Asker: 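For reference, the structure I am asking about is given below.
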Amino acid sequence: MYRTIGVLAHVDAGKTTLSERLLTECGSLRANTGAFLDSDAQEQARGITIFSGQAEFPHGGYVYQLVDTPGHVDFAAEMERKLAILDAAIVVVSAADGVQGHTETIWQRLEALRVPAFVFINKCDRTAPDAALAEARGLLSGDCVDLTGGLEAAAEALAERDEGLLERYLEQGFREPEFRNAAQKMLRERRLFPVFCGSAREGAGVPALLNGLDTLLTTNYDASAPFGAQAYGVRRLPDGSRLVLLKIISGTLRPRDRIGNGKAGELRLLRGAKTENLPFAEAGRLCAVSGLAEVAIGDGLGTAPPLPACELRPLLSAKAVFSAPPQEALAAFRMLEDEDPALSVEWDEALSQLTVRIMGQVQLEVLTEALRARFGIDVRFEPPEVLYQETVAAPVEGWGHFEPLRHYAEVGLRLEPLPRGSGMEFESECPTDELALNWQRLIETHVFERTHRGVLTGSALTDVRVVLLCGRAHEKHTEGGDFREATYRAIRHALMHAESVLLEPCLQLSASVEPTQAGRLLADLSRMSAETDAPTAQGDRMQIRAVVPLSEVLSYAQEFAAYTHGRGALSLRPAGLRPCHNTPEVMQRRNYDPERDLAHTPDSVFCSHGAGYTVKWNEAAAHMHTRR
C-alpha cells in the first residue's frame, strides 16, 4: 500500500515545483506555492531546497510518500542519505538545461544502490524535450524510454529490451498485460528508465507520470514479519524534542514498543513543516519517532541492516570563530552534527579550535544562520581549506610497543596501498597461538576507531590495508588500552618510514561555451593542472570536460560567468582523489611536523628497572620483543 518515492535533480530543474504539483494533482495540497515543502525561512529566502521535505498523497489505490531532497551540490550529503530508503526515484531534467553534472552524480549513486528510476523532463512548455531526452540517453542510460504516450506507443522500444517480449510482440502484437509485467520487471532490474515529458508548472505530463508510477512500480513489504527499520534522519521540533526518522522495512511499530535498548515514544507523520500523530506504522511506512536517544542516522533496527555508507563526502573544512563559551558552542555544533553526520565536528582542546567539514560556501552561510536562529550563537568561519588525504605508495612495516610500569603490549603490522576509494581495511596474518584472537580483534577495533594522520601534512590516512603481522601481550599486566597505544604507535611508526603520497580531491568539470570562448577555457584548465578531454561540438557550442583539482577551481564559477557574459554553462561534481599536483607547496603551507604531533606519536615506550622510558621511532625497532 505504501510506496516511497524521491524527487531528485540539479538545482533549478523544477524539482520542488514537480513535488508540489504531484501533491496538488492528488488533492493533498490546495495550491502549488513553493513554500509547503521548502518551509524553512532560509529555503524561502534563497529559493532552494536545503532540508529534505516529506508529504503523502494517494493515487491509484496506493499511498505515495514523497521525499523532496536538496538539489544544490552543497547539500548533496543530505540528498544521498535519503536514496537508500526509496522504492523509486524521479530524476528531474530541465528541457532547457539538459543533464547537469550533479544529475550525473545522482544517477551514479542510484545505480550503486540499485534504486529504480523514472525521468521527468520538465519545462517542456519553454523548450522541446528532444535534445534533453537525447542527452539523458547519452549521459544517463540508453534505456531511457519515453512513455509519456503510454506503453502501446513505446511498444517497439520496450520489446527491443526483452527477447521473449519481442518474439511475442512480433507474433501477437501489443498485449497490455504482457508489456506491463515485462516493464515492471525491467524497471526493478534497472534495465528500463521510463521517461515522461511535461511541465510541472503547467501540470502537463504529470498525470502520465502518476499513471506510470501506479502501473510500473512494484513493492513487497510484509507487515506480519519481525520488526525491522532504518534510521534515515533526525529532526528537532520547535520545543527541542528529538525525532528519529524511520523507514519501516518489515513488521509494525507502535508507541511504547521496545527497540534495542530504547522504547518508542510517539509516532509522528511528517507533512511539510507540520507533524501528525500516528497510531502505528507498518511495513513500507515512513514515520518520526520520539524517545530513541541512542539511535543515530544510518542505524539498522530489529532485522533491518544499516543504511549504506554515504559516498558523497565533504571536500572542504572550515574553522569556526565564535564568542560564546566553548562548551555551549560545541553542544550546538554537536546537535547539528546529529542531524547532519557529514559535518564531522572536530574539537581540538589544546588549541580551543572547532572545525567542521562542508561541501561549499553556501552550506557555511546556512550553518551561520542556523546557529544564530536556533541557538543564539554568532559565528563566523575562516576561509575553507581543501580536505587533503594521504596514503602509501608501497608496503611498509611498523612497530609499536607500550610498556610503562604494569602495562604491556606490542604490535607489528604492515601497511599496504589500496585502490582509490577503498578507505581503510584490516586483516591478520598473526597466528592465534602467538596472540589470542580476542587481542587481535581488539587491535582491529583500534585501527578503525580513530582517524590516523599522515606524516606529510597531518591529513587523514586512506586507501590503506593494515595487516597484523604479530603481537605480544603479558599474562598479568596487559589491558585493553595498552593495545590501543601500541597499535596507534605501530601505524605511525610505519608511516614515518613509508613513501607517503598526498591525495587531493578533484572535480569533474563540464562546460558548454561559444566557440570563441573555448580557447580561454582550455588555457584556464591547463593553468589549473586539469586533465582535459578533447572538445566536442554540440550544435553551435563547444562542450569541454575535464578533471580539475578542487583547490584550483574553488572560485572559478564567478570568473567563468564573467568572461562568458552569463551565457556559458558550467557544472562540477566530485571525481574522487588523485595524487596532489602541488605537494611541495601544500606541505610548505601546512608546515606540519609529525614528530611534534604528540597525539599521533611514532615513538614507543619501554620499561627498565621499574620505570617506563621513551624510545624514538627511528631507534625503536631494535628494542622490539617480537620483531622478526
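Just so you know, these numbers come straight off a predicted model, no measurement behind them.
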Asker: For residues 101-112, which residue pairs qualify under salt bridge (Lys or Arg N to Asp or Glu O under 4.0 Å), counting only residues two or more places apart or in two chains?
Answerer: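 Applying salt bridge (Lys or Arg N to Asp or Glu O under 4.0 Å) to every pair that reaches into residues 101-112, excluding sequence neighbours, yields Glu80-Arg109, Glu104-Arg545, Glu104-Arg573, Glu111-Arg114, Glu111-Arg190.
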Asker: Please identify each residue that fulfils salt bridge (Lys or Arg N to Asp or Glu O under 4.0 Å) with Glu339, with sequence neighbours left out.
Answerer: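 Arg236, Arg374.
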Asker: Determine which pairs satisfy ring pair (Phe, Tyr, Trp, His ring centres under 6.0 Å) with at least one residue from residues 219-271, sequence neighbours left out, and list them in order.
Answerer: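 Residue pairs with at least one partner in residues 219-271: there are none.
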Asker: In a table with atom names and distances, give each donor-acceptor pair under 3.5 Å that connects a side chain of residues 138-145 to protein atoms at least two apart or in another chain.
Answerer:
residue, atom, partner, partner atom, Å
Ser141, OG, Asp143, N, 3.0
Asp143, OD1, Arg161, NE, 3.0

Asker: Under 3.5 Å, is there a donor-acceptor pair between the side chain of Ser250 and the main chain of Ala283?
Answerer: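 Checking the backbone N and O of Ala283 against the side chain of Ser250, no donor-acceptor pair under 3.5 Å is found.
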Asker: Can you sort out the partners of Glu178 under salt bridge (Lys or Arg N to Asp or Glu O under 4.0 Å), two or more places apart, ordered by chain and number?
Answerer: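 Testing Glu178 for salt bridge (Lys or Arg N to Asp or Glu O under 4.0 Å), a comparison that skips the adjacent residues, returns Arg168.
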Asker: Could you measure the distance from the SG atom of Cys287 to the NZ atom of Lys247? Nearest 0.5 Å is fine.
Answerer: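 One finds 11.0 Å between SG of Cys287 and NZ of Lys247.
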Asker: For Arg81, which residues count as a salt bridge (Lys or Arg N to Asp or Glu O under 4.0 Å) partner, sequence neighbours excluded?
Answerer: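 If we apply the salt bridge (Lys or Arg N to Asp or Glu O under 4.0 Å) test to Arg81, skipping adjacent residues, the hits are Glu78, Asp340.
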Asker: Should the heavy atoms of other residues, nucleotides or ligands under 6.0 Å from CZ of Arg441 be counted, would the total exceed 12?
Answerer: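 Counting other residues, nucleotides and ligands, CZ of Arg441 stays at 12 neighbours or fewer.
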Asker: Who pairs with Arg484 by side chain to side chain contact (heavy atoms under 4.5 Å, CB included), at least two apart in sequence or on another chain?
Answerer: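 For Arg484, the residues satisfying side chain to side chain contact (heavy atoms under 4.5 Å, CB included) (neighbours in sequence not counted) are His446, Glu449, Tyr488.
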Asker: Please check this pair: side chain of Thr215 against backbone of Asn211, looking for a donor-acceptor N/O pair closer than 3.5 Å.
Answerer: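 Side chain of Thr215 to backbone of Asn211: a pair is present.
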Asker: Would you find more than 12 non-hydrogen atoms of other residues, nucleotides or ligands less than 6.0 Å from Asn438 atom CG?
Answerer: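 It does: Asn438 CG has more than 12 such atoms within range.
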Asker: Under the 3.5 angstrom rule, does the side chain of Glu444 hit a backbone N or O of Ser428 as a donor-acceptor pair?
Answerer: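 Judged by distance alone, no pair lies under 3.5 Å.
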Asker: Listed by chain and number, what are the side-chain hydrogen bond (donor to acceptor under 3.5 Å, both in side chains) partners of Gln230, not counting sequence neighbours?
Answerer: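 None.
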Asker: Between Asp214 and Tyr64, is there a side-chain donor-acceptor contact under 3.5 Å, judged purely by atom types and distance?
Answerer: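 A pair is found: one side chain offers a donor N or O, the other an acceptor, under 3.5 Å apart.
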Asker: Taking Cys430's backbone N and O only, do any of them form a donor-acceptor pair with Gln440's side chain (distance below 3.5 Å, no angle check)?
Answerer: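 Pair found, side chain donor or acceptor close to backbone of Cys430.
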Asker: Roughly how far, to the nearest 0.5 Å, is the CD atom of Glu425 from the CZ atom of Arg465?
Answerer: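 If we round to the nearest 0.5 Å, Arg465:CZ and Glu425:CD are 5.0 Å apart.
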Asker: Given 3.5 Å as the limit, does a donor-acceptor pair link the side chain of Thr252 with the main chain of Ala223, or not?
Answerer: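 A pair under 3.5 Å: yes.
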Asker: Hey, does His59 have a side-chain heavy atom less than 4.5 Å from the side chain of Arg3?
Answerer: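 SC-SC contact between Arg3 and His59 ruled out.
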Asker: Using only atom types and a distance under 3.5 Å, with no angle test, would you say the side chain of Ser19 pairs donor to acceptor with the backbone of Asp68?
Answerer: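 Flag not set: sc Ser19 to bb Asp68 has no pair under 3.5 Å.
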Asker: Between Gln100 (side chain only) and His10 (backbone N and O only), is there a donor and an acceptor less than 3.5 Å apart?
Answerer: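 Judged by distance alone, no pair lies under 3.5 Å.
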Asker: Residues in ring-ring contact (aromatic ring centres under 6.0 Å, His included) with Phe483, at least two apart?
Answerer: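 Expected list: Trp439.
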Asker: If you round to the nearest 0.5 Å, how far is OG1 of Thr303 from CD1 of Ile249?
Answerer: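 Those atoms lie 8.5 Å apart.
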Asker: Can you name the residues that form a side-chain hydrogen bond (donor to acceptor under 3.5 Å, both in side chains) with Asp433, not counting sequence neighbours?
Answerer: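 With sequence neighbours excluded, Asp433 shows a side-chain hydrogen bond (donor to acceptor under 3.5 Å, both in side chains) to no residue whatsoever.
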Asker: Excluding sequence neighbours, so at least two apart, what forms ring-ring contact (aromatic ring centres under 6.0 Å, His included) with Phe333?
Answerer: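 Per chain and number, Phe333 pairs via ring-ring contact (aromatic ring centres under 6.0 Å, His included) with no residue.
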Asker: Indicate yes or no for a side-chain donor-acceptor contact from Ser290 to the backbone of Glu266 under 3.5 Å, with no hydrogens or angles considered.
Answerer: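 Answer holds: yes.
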Asker: Check this for me: Asn261, atom CG, are more than 12 non-hydrogen atoms of other residues, nucleotides or ligands nearer than 6.0 Å?
Answerer: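 Counting other residues, nucleotides and ligands, CG of Asn261 stays at 12 neighbours or fewer.
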Asker: For Asp299, enumerate each residue passing the salt bridge (Lys or Arg N to Asp or Glu O under 4.0 Å) test, keeping only those at least two apart in sequence or located in another chain.
Answerer: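 Asp299 satisfies salt bridge (Lys or Arg N to Asp or Glu O under 4.0 Å) with no residue once adjacent residues are dropped.
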Asker: Within the side chain of Arg268, is there an N or O that forms a donor-acceptor pair under 3.5 Å with the backbone of Leu245?
Answerer: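 The answer is no, because no donor-acceptor pair under 3.5 Å joins these two groups.
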Asker: So does Val93 get a backbone contact from the side chain of Asn122, meaning a donor-acceptor N/O pair under 3.5 Å?
Answerer: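 No, because the side chain of Asn122 does not come within donor-acceptor range (under 3.5 Å) of the backbone of Val93.
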Asker: To the nearest 0.5 Å, what is the distance between OG1 (Thr4) and CD (Glu56)?
Answerer: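 Those atoms lie 9.0 Å apart.
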